[in-house]
Amino acid sequence: MKRAVFLLGILFMVMCIGILPAVAGKPIGKGEGKDKDGDGYSKPQDCDDRDPAINPAATEILYNLIDENCNGMADDIIDADGDGYTSDIDCDDADASINPGAAEICGDAVDQDCSGADLNCSSDPDDIDDDGDGFTENQGDCNDSDPLINPAATEIPYNLIDENCNGMADDIIDVDGDGYTSEVDCDDTDTSINPGAAEICDDGIDQDCNGEDLVCPIDPNDVDNDGDGFTENHGDCNDSNPLINPDATEITDNGIDENCNGMADDTQTYSDNHFNNPNCLQCHTSEAKDVHASVHYQWQGDTPYMTNGGSPQGKFTDAVNSYCINIMGNWGGCSSCHVGKGAMPEPVATQAQLENIDCLKCHSEPGVLPTRVDCLTCHAKAGGGDAVKRGDLALATGSTSDRNYDVHMATTGADLQCRSCHTTQNHRIAGKGSDLRPTDLDVAVECSNCHTDTPHSSSTTNRHTARVACQTCHIPVYAKNAADTTASEATETHRTWLSSHATAPPFHPAADKANDLIPAYRFWNGYSDNYLLGDVAVMDMATGAYPTSRPEGAVSDSGSKLYPFKYKTAEQPMMIGTQQLIALDTSVYFMSADAATATASGLANMGFAESTPYEWVMTDTYQLLNHQVSPREQALQCSSCHLTTGRMDLQGGLGYAPSRPQSTCASACHSGSKAAEWQYGNWGEFTSRHDKHINEKGAECVDCHDFNR
């Protein structure tokens, strides 16, 4: 052990003696003086002594962000093509004919002068991009001397300059969605503040944008003159008599209304204790509050099944359709089906709002639940007349005995009331179509609520219920005529506001109607994209029209089923540039049939100048069909859909086309002789082959199609 230690000591001394010359004089810094990568240079001259390709004598490689020659610059900027312009400004430093000083040759698709675009050869001065922003005057540049002004520029509000060339300086928008744009809305971030809002006195807020808060007056009707605890504003109908007030006991047969319920000598004429001339609010305050919060009163509500816009949405504010477009400007006319007595709905259930509720709009008699006739008084006449809008509802639905017209609601059929399917909770109603925005009661209205998921005797048919809605087969046609009515139940298929068939007010737009229509078919997953006031309208290239309602879904969507829809078009005005559909003022049109004046008034209602340029465009809508269910013997047969394209094109627009051409579909897996056995158009052949591949061979949809399930 001692010997080993001695030898190690000797070795250490030898090593120290060997390095003494190197450390003599000034100490050497760490790493200095040693060429680690063998390229002839050491630190500090070599800026990366681990890579022999990097040293002061190395050739710089352009555009790799590495400083090969250790001059402190990655990718030295040079004039590679020798044309006098270095690579930082030369857009092609490998071609001497291309540089910022080169002469531009028009129309050769080459940017010789590095301006960013080829020169236009047109002799038209409006085809020349004078300011170099990528747009010429003929391409919509409204100021071709300023590169900050062109159709792609971002609009800067409140500077009175039209940066994006859409015809409007400082694009005016409705930020809070209350129906008033920022030029007239004094607080466009608060929906409760706008020129149409009700002013609340002495709260320090200018709700109606008139420039000042309202001072609360001293109302003599707020003074309790007879000391009975009630003022006139609190319902005292005789404030000079303390025995007459809302809490007083009614004395019959004296001709005096002691309890101020609007009835002198309350008398009962109904077996369920309802009065003959009811003041519903006296007994049903909680029910009135339920109605006030419902979609039937508010005409807007939560939208859990809309894929566009916020919440709430509805016809009272932002809904736009291909019928009367929007109610803006015509509350008085459109509100004839509102469950109120004339006042507009407000979000707070004040006493005045509760008193505005008209219970008898739905209950034809006190204490009697709404009947089909009650519901159809409004729902069958939507859009301007009997059967106009829905296509599967008409006044005839209320009392017809024609089972072929509607097997569910005909008196000789199931004789169902509307509430049999549309369940009600606290005066909120379940069920809505694809084109309706708010959901009143989020409870599913489905055929399986009454029928099973396997209602057919055939297992093959039952297999369809997972992907095909019952309505698809059981509503083969819509807009049927009831056999026991003299009226036509034809539905509207198109309307234009550019003309009217009427010769005297009210002037309704010219419309086309038809009976016995074959539905349009689409996959629907329960969600919809419906146009809202202020949206940018985008043309559907498949129809050539601007959609107001589209059901969402596809064959590959696991939540989708195939449903039948009414398809309807309309000719409506749309602003040029912003592509916003205009809520034409129907009150003006119905009195004059003057589309131009009604459109100008509609623009003003929306907060735009009446002179705003617009054009007439085609809109369209899809509306879910749920009613006019035919008897089972009239339901579609398998061949109606699978062996013809006359009703629906399964292999076309609905997505069932094979992923291979039909001519090679079978031969891709089988021999030519085996593939020749296929007989297209033979139903038995189709089902046997389809079932064999699925049940015996274990094939999946994606083996032959572009989707899987």
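Along the sequence shown, the residues carry numbers beginning at 1.
- When the side-chain contact (heavy atoms from CB on, under 4.5 Å) test is applied to A604, the partners found at least two apart in sequence or on another chain are E610.
- A side-chain donor-acceptor contact under 3.5 Å links N194 and D178.
- Legend: residues meeting salt bridge (charged side-chain N to carboxylate O under 4.0 Å, His left out) with E489, ordered by chain and number and at least two apart, are absent.
- The ring of F316 has its center closer than 6.0 angstrom to the ring center of W331.
- With hydrogens and angles ignored, the 3.5 Å screen pairs no side-chain donor or acceptor of D585 with any backbone N or O of Y589.
- Q471 and N626 form a side-chain donor-acceptor contact under 3.5 Å, judged by distance and modelled atom types alone.
- Partners of K568 by salt bridge (charged side-chain N to carboxylate O under 4.0 Å, His left out), not counting sequence neighbours, listed by chain and number: E492.
- Neither side chain, N530 nor S528, offers a donor N or O lying under 3.5 Å from an acceptor on the other.
- Side-chain polar atoms of H274 and D272 form a donor-acceptor pair below 3.5 angstrom.
- For S500 (side chain) and P509 (main-chain N/O), no donor-acceptor pair under 3.5 Å exists by modelled atom type.
- Side-chain contact annotation: T586 with N330, donor-acceptor N/O pair under 3.5 Å present.
- Ion pairing between a basic and an acidic side chain is recognised when a charged N comes within 4.0 Å of a carboxylate O; D620 and R550 show such pairing.
- In this structure, H284 places its NE2 atom where more than 12 heavy-atom neighbours from other residues, nucleotides or ligands lie under 6.0 Å away.
- At distances below 3.5 Å, at least one donor-acceptor pair connects side-chain atoms of R495 with backbone N or O atoms of Y323.
- For the atom pair N605 CG and L533 CG, the distance stands at 10.0 Å (nearest 0.5 Å).
- No more than 12 heavy atoms of other residues, nucleotides or ligands sit less than 6.0 Å from atom NZ of K381.
- By the salt bridge (charged side-chain N to carboxylate O under 4.0 Å, His left out) test, D435 is found to be paired with R390, residues two or more places apart in sequence or in another chain being considered.
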In a table with atom names and distances, give each donor-acceptor pair under 3.5 Å that connects a side chain of residues 421-429 to protein atoms at least two apart or in another chain.
| unit_1 | atom_1 | unit_2 | atom_2 | d |
| --- | --- | --- | --- | --- |
| H422 | ND1 | A430 | O | 2.8 |
| R428 | NH1 | D440 | O | 3.4 |
| R428 | NH2 | A293 | O | 2.9 |

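- Taking the six-membered ring for Trp and thresholds of 30 and 60 degrees, W524 and F565 have ring planes more than 60 degrees apart, a perpendicular arrangement.
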Taking distance alone, no hydrogens or angles, what donor-acceptor pairs closer than 3.5 Å link side-chain atoms of residues 340-352 to residues at least two apart or in another chain?
| unit_1 | atom_1 | unit_2 | atom_2 | d |
| --- | --- | --- | --- | --- |
| K341 | NZ | E355 | O | 3.2 |
| T350 | OG1 | Q353 | N | 3.2 |
| Q351 | NE2 | E355 | OE2 | 3.1 |

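- Remark: the T548 side chain and the S322 side chain contain an N/O donor-acceptor pair separated by less than 3.5 Å.
- Residues passing the salt bridge (charged side-chain N to carboxylate O under 4.0 Å, His left out) test with R372, sequence neighbours excluded: D415.
- Of the possible polar contacts, none joining the N166 side chain to the G577 backbone as a donor-acceptor pair under 3.5 Å is found.
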Show your reasoning for whether disulfide (SG to SG under 2.5 Å) applies to C186 and C209. CA-CA 6 Å; C186 55; C209 294; 2.0 Å; yes
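- H296 and H379 have perpendicular rings, their planes meeting at more than 60° on a 0 to 90° scale where under 30° would count as parallel.
- Not a single donor-acceptor pair under 3.5 Å links the side chain of D208 to the backbone N or O of E199.
- In this structure, Q579 contributes its side chain and I576 its backbone to no donor-acceptor pair below 3.5 Å.
- No side-chain donor-acceptor contact under 3.5 Å links N221 to the backbone of N233.
- Applying the disulfide bond (SG atoms under 2.5 Å apart) test to residues at least two apart or on different chains, none of the pairs has a partner in residues 301-353.
- Counting only distance, with no hydrogens or angles, the side chain of D392 and the backbone of H627 share a donor-acceptor pair below 3.5 Å.
- S601 contributes no side-chain N or O that, together with a main-chain N or O of A598, makes up a donor-acceptor pair within less than 3.5 Å.
- Side-chain contact check for T439 and K432: no donor-acceptor pair (N or O, by modelled atom type) lies under 3.5 Å.
- The side-chain contact (heavy atoms from CB on, under 4.5 Å) with C362 is formed by just one residue from the set D374, T377, V339; it is V339.
- With sequence neighbours excluded, the residues that form a side-chain contact (heavy atoms from CB on, under 4.5 Å) with S499 are T496, A510.
- Applying the disulfide bond (SG atoms under 2.5 Å apart) definition to pairs two or more places apart or across chains, those involving residues 226-287 are C237-C260.
- Between the side chain of Y531 and the main chain of L581, a donor-acceptor pair closer than 3.5 Å is present.
- Judged as a side-chain contact (heavy atoms from CB on, under 4.5 Å), and not counting sequence neighbours, the contacts of N525 are Y527, E552, D557, S560.
- Partners of D188 according to the side-chain hydrogen bond (donor to acceptor under 3.5 Å, both in side chains) rule, which considers only residues two or more places apart in sequence or in another chain, do not exist here.
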